There are 2 protein chains.
Amino acid sequence: MTDTLPPETDAPENRPYHHGDLRRALIEAARVIIVRDGAQALSLRGVAREAGVSPAAPYHHFKDKQELVLAVGKLGFEELGEAMEVEINRIGGTVNDRITAIGVAYVLFARDNPALYRLMYDCSRNMESLPPEMHEKEHSAYAIVRNAMIEAGRASADNDIDVELATVAAWCVAHGIAEMGGFAQFAPLKQALGGELNFYRELLLRSGNFQPR
Amino acid sequence: MTDTLPPETDAPENRPYHHGDLRRALIEAARVIIVRDGAQALSLRGVAREAGVSPAAPYHHFKDKQELVLAVGKLGFEELGEAMEVEINRIGGTVNDRITAIGVAYVLFARDNPALYRLMYDCSRNMESLPPEMHEKEHSAYAIVRNAMIEAGRASADNDIDVELATVAAWCVAHGIAEMGGFAQFAPLKQALGGELNFYRELLLRSGNFQPR
DNA sequence: AGATCATCTTGACAGCGTTCAGATGAATTG
DNA sequence: CAATTCATCTGAACGCTGTCAAGATGATCT
C-alpha cells in the first residue's frame with residue numbers, strides 16, 4: 001500500500017481537501033434521493049451513504065437533519081425562480097400572457113419535482129420567517145411574481161399592502177394548483193380539456209371563483 | 001390474585017370486549033397526538049402507548065402505520081365537511097356570501113388544525129383515487145362546494161365538466177390559502193387589513209389575479 | 001518540524017416500524 | 001356445562017433511524 005487513498009467514490013470531481021466539498025455533496029445527494037425515492041425515503045444515513053461518508057460525517061456541516069433538508073429546500077427555491085424566469089423570457093407576449101406563463105411554470109415545476117416541491121413548502125412553513133434573501137433577491141421567485149403583479153396593474157406600485165396582497169393571492173392559487181393538480185382523480189378532467197397544460201391554464205384563469213360578479 | 005384485571009388505563013368507557021373498541025381508540029389517540037404534538041411526532045408505538053396497549057396491538061386493526069394515518073385523515077375530512085355545513089347554516093345571506101363563508105370555514109379549519117389538515121392532504125395524495133364516499137356522500141366537503149358552485153351559477157348544472165372545473169378551481173384556491181395563510185411572514189399584512197379574517201376573505205376574493213380583465 | 005484545528009470514523013444509545021410465536025379469553029359448538 | 005375455535009393482545013426480536021461522544025486523520029499555520 002503505497003498510497004492511502006480516500007475510499008473510492010463515484011464523485012466526478014477531484015477532492016482538493018480532506019474529503020472535498022462535502023457540504024455541497026451532501027445537499028446534492030439529498031436532492032438526488034428525494035427526487036428518485038421520495039421525501040419519505042430521505043434519511044441522513046442514506047445521504048451519508050450516497051456521498052460515501054460515515055453516518056456521523058454530516059454533523060460537521062449541518063447541526064440537524066432538518067438543517068440539511070432546509071438547504072435542499074433553499075436550493076429548490078432558486079431552481080424554481082430560474083424556471084420561472086426562463087419561461088418569462090421564452091414567452092414574451094402581453095403581460096397577461098406572461099403572468100399565466102409564470103403560473104404555468106410554477107405548476108409544472110411542482111409537477112416535475114413533486115417531492116422536492118413538497119419539501120420546499122415544508123421548509124417555508126417550518127421557518128418562523130423565510131430567509132430574507134428569498135424576498136430580497138432581485139431574481140427570487142417572490143420578486144418575479146411581485147414585479148409581474150405591478151407590471152400588469154393588478155396592484156399599484158405605490159401601495160405596498162396592495163402589492164403584497166396581490167402577490168400572496170397569486171401565490172396561494174399557484175400553490176393550490178401545484179399541490180392538487182397532480183391528483184389522479186383529475187385525469188378525466190384533464191383529458192376533457194384537451195391536455196394537462198390546458199387544465200392548469202384553465203384553473204389559473206378560473207381561480208376567481210370566489211369573486212362575486 | 002382473585003382477578004386478572006386488564007392493565008389500568010384511563011379510558012373512560014367500560015371495556016365490553018377483550019380490550020374494548022381498540023380500533024376507534026387508536027384513531028382517537030393518533031388524532032390527539034397529531035393535534036397536540038404535530039404530525040412529525042406521530043409514531044405507531046406512541047399511539048399504542050397512548051391507548052395503553054402493546055406496540056404490536058395496532059397491527060390487528062391496521063395493516064400499516066399508513067393505514068392508521070389514513071383513517072385519521074378520513075375522520076378529518078368528515079369534520080371539515082361538518083364545519084363547512086355549520087358555517088353555511090350560520091350565515092344564510094346571498095349565495096356569494098355563503099360561498100365566501102365556505103371558503104373562510106375551510107381556511108379556518110386548516111388554521112385551527114394545521115397538522116391534521118396537512119395529514120389530510122397527504123392522505124388525498126397518497127391514495128391513487130380518493131375513497132369514493134368522499135365524492136359521493138351527500139354532505140361530503142366536496143359535495144358542499146360543488147353544490148355551492150352550481151347554485152351560484154359559476155357553472156351550469158348540465159355541464160359536468162364545467163361543474164367539476166369550477167369546484168376544483170375553488171378548492172385549489174382554498175387549499176393554497178389554507179396552507180400558506182398561516183405563515184408568520186404575513187402577520188403584518190393581516191394587521192394592515194384589520195385582522196386575520198379580513199386577510200383570508202381578501203385573498204379568497206382576490207384570487208382571480210391570473211384572470212385577464 | 002511541530003502544533004493546531006477542522007474534518008471524518010468508530011462505536012454506542014434510544015426509539016422507530018414491523019414481524020412472529022405464543023398467551024388470553026370471549027364466542028361458538030357439542 | 002365443557003371443549004374448541006378464533007379474534008385479539010403481548011413479548012421478544014430484527015434492522016433501521018437520528019444523534020452524540022471519543023478518537024483518528026491530515027491539511028494548514030507558525
Side-chain angles (χ1 to χ4, degrees), chain A residues 1-11 13-30 33-34 37-72 119 122 126, chain B residues 1-11 13-30 33-34 37-72 119 122 126:
Chain A
M1 266 197 272
T2 59
D3 252 340
T4 53
L5 306 166
E8 278 198 0
T9 65
D10 48 359
E13 316 180 72
N14 42 359
R15 306 276 171 93
Y17 192 37
H18 209 173
H19 176 106
D21 190 355
L22 184 56
R23 190 190 149 88
R24 191 180 305 274
L26 288 170
I27 296 177
E28 189 51 40
I33 292 176
I34 286 167
D37 308 326
Q40 219 162 12
L42 181 73
S43 74
L44 202 49
R45 291 177 105 104
V47 172
R49 226 175 287 133
E50 182 97 6
V53 294
S54 85
Y59 284 89
H60 294 268
H61 299 272
F62 306 94
K63 85 171 219 293
D64 237 3
K65 179 188 181 183
Q66 174 70 17
E67 204 172 280
L68 168 59
V69 168
L70 217 108
V72 176
L119 179 145
D122 279 338
N126 288 337
Chain B
M1 269 198 272
T2 59
D3 252 340
T4 54
L5 305 168
E8 277 197 2
T9 65
D10 48 357
E13 315 181 73
N14 44 359
R15 307 277 172 95
Y17 192 35
H18 208 174
H19 175 106
D21 190 353
L22 183 56
R23 190 189 149 89
R24 190 178 307 273
L26 288 170
I27 296 177
E28 190 51 41
I33 291 176
I34 286 167
D37 308 325
Q40 218 163 11
L42 181 72
S43 75
L44 202 50
R45 292 177 105 104
V47 172
R49 226 176 287 133
E50 181 97 8
V53 294
S54 86
Y59 285 88
H60 295 268
H61 300 273
F62 305 94
K63 84 171 218 295
D64 238 2
K65 179 188 180 183
Q66 175 70 18
E67 204 172 279
L68 168 59
V69 168
L70 218 109
V72 176
L119 179 144
D122 278 338
N126 288 337

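Nothing here was measured: the structure is a model prediction, and the numbers come from that model. Each chain gets a letter, A, B and so on, in the order its sequence line appears, and its residues count up from 1. Computation of the quantities below employed the complete heavy-atom set of this structure, encompassing side-chain atoms and omitting hydrogens, waters and symmetry-equivalent molecules.
- If you check C/dT9, D/dT19, D/dC9 against the side chain of B/Ala57, the one that comes closest is D/dC9.
- When each of D/dT10, D/dC9, C/dT18 is scored by its nearest atom to the side-chain atoms of B/His60, the top-ranked nucleotide is D/dC9.
- At a cut-off of 3.5 angstrom, the base of D/dT8 holds no donor-acceptor pair with the side chain of B/Arg23.
- In this structure, A/Gln66 atom CD and D/dT19 atom C1' are separated by 15 Å, rounded to whole Å.
- The distance from atom NZ of A/Lys63 to atom C1' of D/dG18 is 13 Å, rounded to the nearest whole Å.
- Atom CZ of B/Arg45 and atom NZ of B/Lys65 lie 12.0 Å apart (nearest 0.5 Å).
- Out of D/dG18, D/dG11, C/dT18, the shortest distance to the side chain of B/Arg45 is found at C/dT18.
- Between B/Glu50 atom CD and B/Asp37 atom CG the span is 8.0 Å, to the nearest 0.5 Å.
- As a whole-Å value, the separation of A/Leu26 CG from D/dG18 C1' is 15 Å.
- B/Gln40 has its CD atom 12 Å from the C1' atom of D/dG18, to the nearest Å.
- Atom CG in B/Leu44 sits roughly 11 Å away from atom P in C/dT19 (whole-Å rounding).
- Distance, B/Tyr59 OH to D/dA13 P: 18 Å, rounded to whole Å.
- In terms of phosphate contacts, A/Arg49 brings a side-chain nitrogen or oxygen within less than 4.0 Å of OP1 or OP2 of D/dT17.
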**OP:** Please test B/Phe62 against B/Leu70 for side-chain contact (heavy atoms from CB on, under 4.5 Å), starting from the C-alpha separation and ending with a verdict.
**Re:** CA-CA 10 Å; B/Phe62 305 94; B/Leu70 218 109; over 6 Å; no
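- The two residues A/His61 and A/Arg23 have their closest heavy-atom pair at O-NH1, 3.4 Å.
- A pairwise comparison of heavy atoms in A/Val53 and A/Leu22 identifies CG1-CD1, 3.9 Å as the closest pair.
- Nucleotide D/dT10 holds its P atom 8 Å from the CG atom of B/Leu22, rounded to whole Å.
- Nearest to the side chain of B/Ser54, among D/dT10, D/dG18, C/dT19, sits D/dT10.
- Between C/dC8 and A/His61, a contact under 4.0 Å exists linking OP1 or OP2 to a side-chain N or O.
- Summarising the geometry, the separation between CZ on B/Phe62 and P on C/dG17 is reported as 14 Å, rounded to the nearest angstrom.
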